[in-house]
Amino acid sequence: MRRRRGGTMVERASRFVLVVAGSACFMLILYQYAGPGLGRGAPGRAPPDDLDLFPTPDPHYERKYYFPTRELERSLRFDMKGDDVIVFLHIQKTGGTTFGRHLVQNVRLEVPCDCRPGQKKCTCYRPNRRETWLFSRFSTGWSCGLHADWTELTSCVPGVLDRRDPAALRAPRKFYYITLLRDPVSRYLSEWRHVQRGATWKTSLHMCDGRTPTPEELPPCYEGTDWSGCTLQEFMDCPYNLANNRQVRMLADLSLVGCYNLSFVPEGRRAQLLLDSAKKNLRGMAFFGLTEFQRKTQYLFERTFNLKFIRPFMQYNSTRAGGVEVDADTVRRIEELNDLDVQLYDYARDLFQQRYQYKRQLERREQRLRSREERLLHRAQEAPREEAEEPGRVPTEDYMSHIIEKW
């Protein structure tokens with residue numbers, strides 16, 4: 001009896017040793033296939049602070065400004081079925097007409113905008129009710145005045161929509177402002193050619209602090225009905241020409257400088273306040289694009305609002321402004337007249353390019369992580385199959401008990 005009991009103790013000890021050894025082998029095999037993927041994160045997570053989002057220089061621009069990640073990230077939760085509204089600030093001669101048509105005719109929507117032949121405006125209703133989700137020239141018309149600026153829109157849009165959709169008063173809306181910018185020299189020349197053909201924009205309100213500017217605050221540059229036929233020199237010589245630094249003026253909070261009262265603050269101080277305000281408002285907008293980068297503009301808009309365009313944007317390099325031949329002195333004069341716009345565009349182009357590269361790098365990183373996870377999953381699935389093909393192995397979860405019983 002003692003020998004039998006002793007033998008039983010030996011057998012139990014041997015089995016215990018085998019179980020421990022087998023478990024260790026199993027853990028080594030598991031680590032061989034799963035270990036390389038441990039600690040590498042999952043797709044879709046925010047990038048670590050030390051991730052180099054700009055590993056290679058972009059030949060299109062020289063990076064001049066530092067923008068924190070919060071200024072580059074522009075993935076919004078735009079809720080078309082809720083109370084969110086996209087507001088398009090349309091600056092003259094920046095390609096806004098083409099972009100505005102994209103918004104009402106080229107976005108893939110659950111309920112497309114109703115654009116009928118012969119009508120300038122389209123009806124863009126939400127999928128779940130008869131209420132507009134887009135405030136723009138081609139959806140609501142010039143409801144806040146012709147080419148309303150940031151100062152006008154921010155004070156006017158809520159009231160206009162409340163009158164159009166009274167039922168929405170029960171829920172606060174969230175407004176997403178968007179705009180387009182263009183190279184200042186090209187935009188200036190394009191506006192001159194447009195005015196030369198008879199454009200005036202005389203119906204623009206220029207509302208600021210509850211009133212329009214007086215004739216003394218905003219004198220006209222011409223006599224008569226329009227300024228058609230004016231030369232470029234005449235266009236540049238008018239000190240009251242709103243074409244000068246138009247992009248900064250239309251993006252800044254004019255209340256900070258007394259609206260159109262040029263004596264409210266000194267000229268130098270006024271210019272700096274306008275530029276700083278325009279940069280701040282542009283930075284805070286949900287989205288802005290650049291006329292010179294149509295495909296990148298489309299890319300960023302789609303990923304900002306999670307909306308897709310049906311047809312790709314086209315880059316038209318042959319414009320009316322491009323056909324104007326001017327000498328170097330004239331270009332320098334235009335740049336002097338639009339010095340604030342030049343500074344704003346330089347700032348905006350850098351921010352735009354960094355947002356584009358940031359989004360592209362994040363997508364590439366997420367794709368690499370997805371591919372890596374798929375490879376690891378595939379290898380883990382293949383591991384039991386390879387073990388099953390080896391002779392003398394039992395490819396089941398009873399593998400360890402089989403070895404123990406054999407012993």
Side-chain angles (χ1 to χ4, degrees), residues 85-101 103-104 115 118-124 132 134-164 177-182 187-230 234-235 238-255 257-262 274 278 320-321 341:
V85 180
I86 294 177
V87 181
F88 180 33
L89 194 163
H90 184 174
I91 302 175
Q92 291 95 317
K93 313 314 296 179
T94 58
T97 298
T98 300
F99 186 77
R101 289 199 178 102
L103 293 177
V104 297
C115 300
Q119 294 184 357
K120 294 184 178 180
K121 292 190 298 182
C122 303
T123 301
C124 298
T132 187
L134 175 65
F135 192 100
S136 74
R137 167 189 178 181
F138 291 116
S139 58
T140 55
W142 301 111
S143 301
C144 292
L146 180 62
H147 287 287
D149 54 38
W150 188 90
T151 307
E152 293 176 288
L153 287 176
T154 52
S155 62
C156 168
V157 170
V160 169
L161 291 182
D162 285 346
R163 290 190 294 272
R164 286 172 57 95
Y177 284 83
I178 65 174
T179 194
L180 289 183
L181 295 181
R182 185 179 181 183
R187 199 214 64 79
Y188 190 84
L189 289 172
S190 181
E191 180 165 344
W192 163 62
R193 291 296 299 271
H194 199 53
V195 168
Q196 192 181 47
R197 296 191 301 272
T200 62
W201 298 299
K202 285 191 295 187
T203 57
S204 296
L205 299 177
H206 305 303
M207 289 289 295
C208 181
D209 287 349
R211 69 176 183 89
T212 58
T214 65
E216 292 73 27
E217 291 174 332
L218 193 59
C221 286
Y222 58 91
E223 297 179 357
T225 57
D226 58 42
W227 206 7
S228 59
C230 72
E234 292 172 337
F235 193 74
C238 178
Y240 315 109
N241 193 344
L242 290 180
N244 300 341
N245 293 313
R246 184 180 288 279
Q247 296 180 100
V248 165
R249 181 183 61 80
M250 293 192 68
L251 290 176
D253 181 359
L254 300 181
S255 299
V257 296
C259 300
Y260 294 88
N261 181 2
L262 300 183
L274 288 174
R320 290 189 176 92
D341 271 12

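Note that the numbering runs from 1 along the sequence shown for the chain.
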task: Evaluate whether atom NZ of Lys120 has more than 12 neighbouring non-hydrogen atoms of other residues, nucleotides or ligands under 6.0 angstrom away.
output: no
message: With side chain to side chain donor-acceptor pair (under 3.5 Å) as the criterion, how do Tyr260 and Arg249 come out once you've worked through the C-alpha distance, each side chain's angles and the decisive distance to 0.1 Å?
response: CA-CA 10 Å; Tyr260 294 88; Arg249 181 183 61 80; 3.0 Å; yes
Look at the side chain of [X] and the backbone N and O of [Y], then say whether any donor-acceptor pair between them is shorter than 3.5 Å.
X: Thr212; Y: His206; value: no
X: Glu191; Y: Tyr188; value: no
X: Arg182; Y: Lys93; value: yes
X: Asn245; Y: Asp341; value: yes
X: Thr179; Y: Leu89; value: yes
X: Trp192; Y: Cys230; value: yes

Does the side chain of [Y] come within less than 4.5 Å of [X]'s, by heavy atoms?
X: Tyr222; Y: Val195; result: no
X: Thr154; Y: Tyr177; result: yes
X: Val157; Y: Val85; result: no
X: Phe88; Y: Ser139; result: no

Please report the closest heavy-atom contact between [X] and [Y], naming both atoms and the distance.
X: Met250; Y: His90; answer: CE-O, 3.9 Å
X: Ala243; Y: Phe235; answer: CB-CZ, 3.6 Å
X: Arg197; Y: Ser228; answer: C-CB, 4.4 Å
X: Cys115; Y: Val104; answer: SG-O, 3.6 Å
X: Asp149; Y: Glu152; answer: OD1-N, 2.8 Å
X: Ala252; Y: Leu274; answer: CB-O, 3.4 Å

task: Just do the side-chain contact (heavy atoms from CB on, under 4.5 Å) check on Leu181 and Leu251 with the steps written out, would you?
output: CA-CA 10 Å; Leu181 295 181; Leu251 290 176; 3.7 Å; yes
message: Just to verify, what does Cys208 make a side-chain contact (heavy atoms from CB on, under 4.5 Å) with, not counting sequence neighbours?
response: Thr151, Leu254, Ser255, Cys259
Hey, could you give me the [atom1]/[atom2] distance between [X] and [Y], rounded to the nearest 0.5 Å?
X: Phe99; Y: Ser136; atom1: CZ; atom2: OG; value: 9.5 Å
X: Leu134; Y: Ile178; atom1: CG; atom2: CD1; value: 7.0 Å
X: Leu180; Y: Gln247; atom1: CG; atom2: CD; value: 10.0 Å
X: Cys221; Y: Leu242; atom1: SG; atom2: CG; value: 7.5 Å
X: Met207; Y: Cys156; atom1: CE; atom2: SG; value: 8.5 Å
X: Arg137; Y: Leu103; atom1: CZ; atom2: CG; value: 12.5 Å

message: Between Thr203 and Trp142, does the side-chain contact (heavy atoms from CB on, under 4.5 Å) criterion hold? Intermediate values first, please.
response: CA-CA 10 Å; Thr203 57; Trp142 301 111; over 6 Å; no
message: Taking the ring of Trp201 and the ring of His194, is the distance between their centroids below 6.0 Å?
response: yes
- request: Check the pair Cys238, Trp227 against side-chain contact (heavy atoms from CB on, under 4.5 Å), reporting the backbone distance first and the verdict last.
  value: CA-CA 12 Å; Cys238 178; Trp227 206 7; 4.0 Å; yes
field: Full working for side-chain contact (heavy atoms from CB on, under 4.5 Å) between Phe138 and Arg101
entry: CA-CA 7 Å; Phe138 291 116; Arg101 289 199 178 102; 3.7 Å; yes
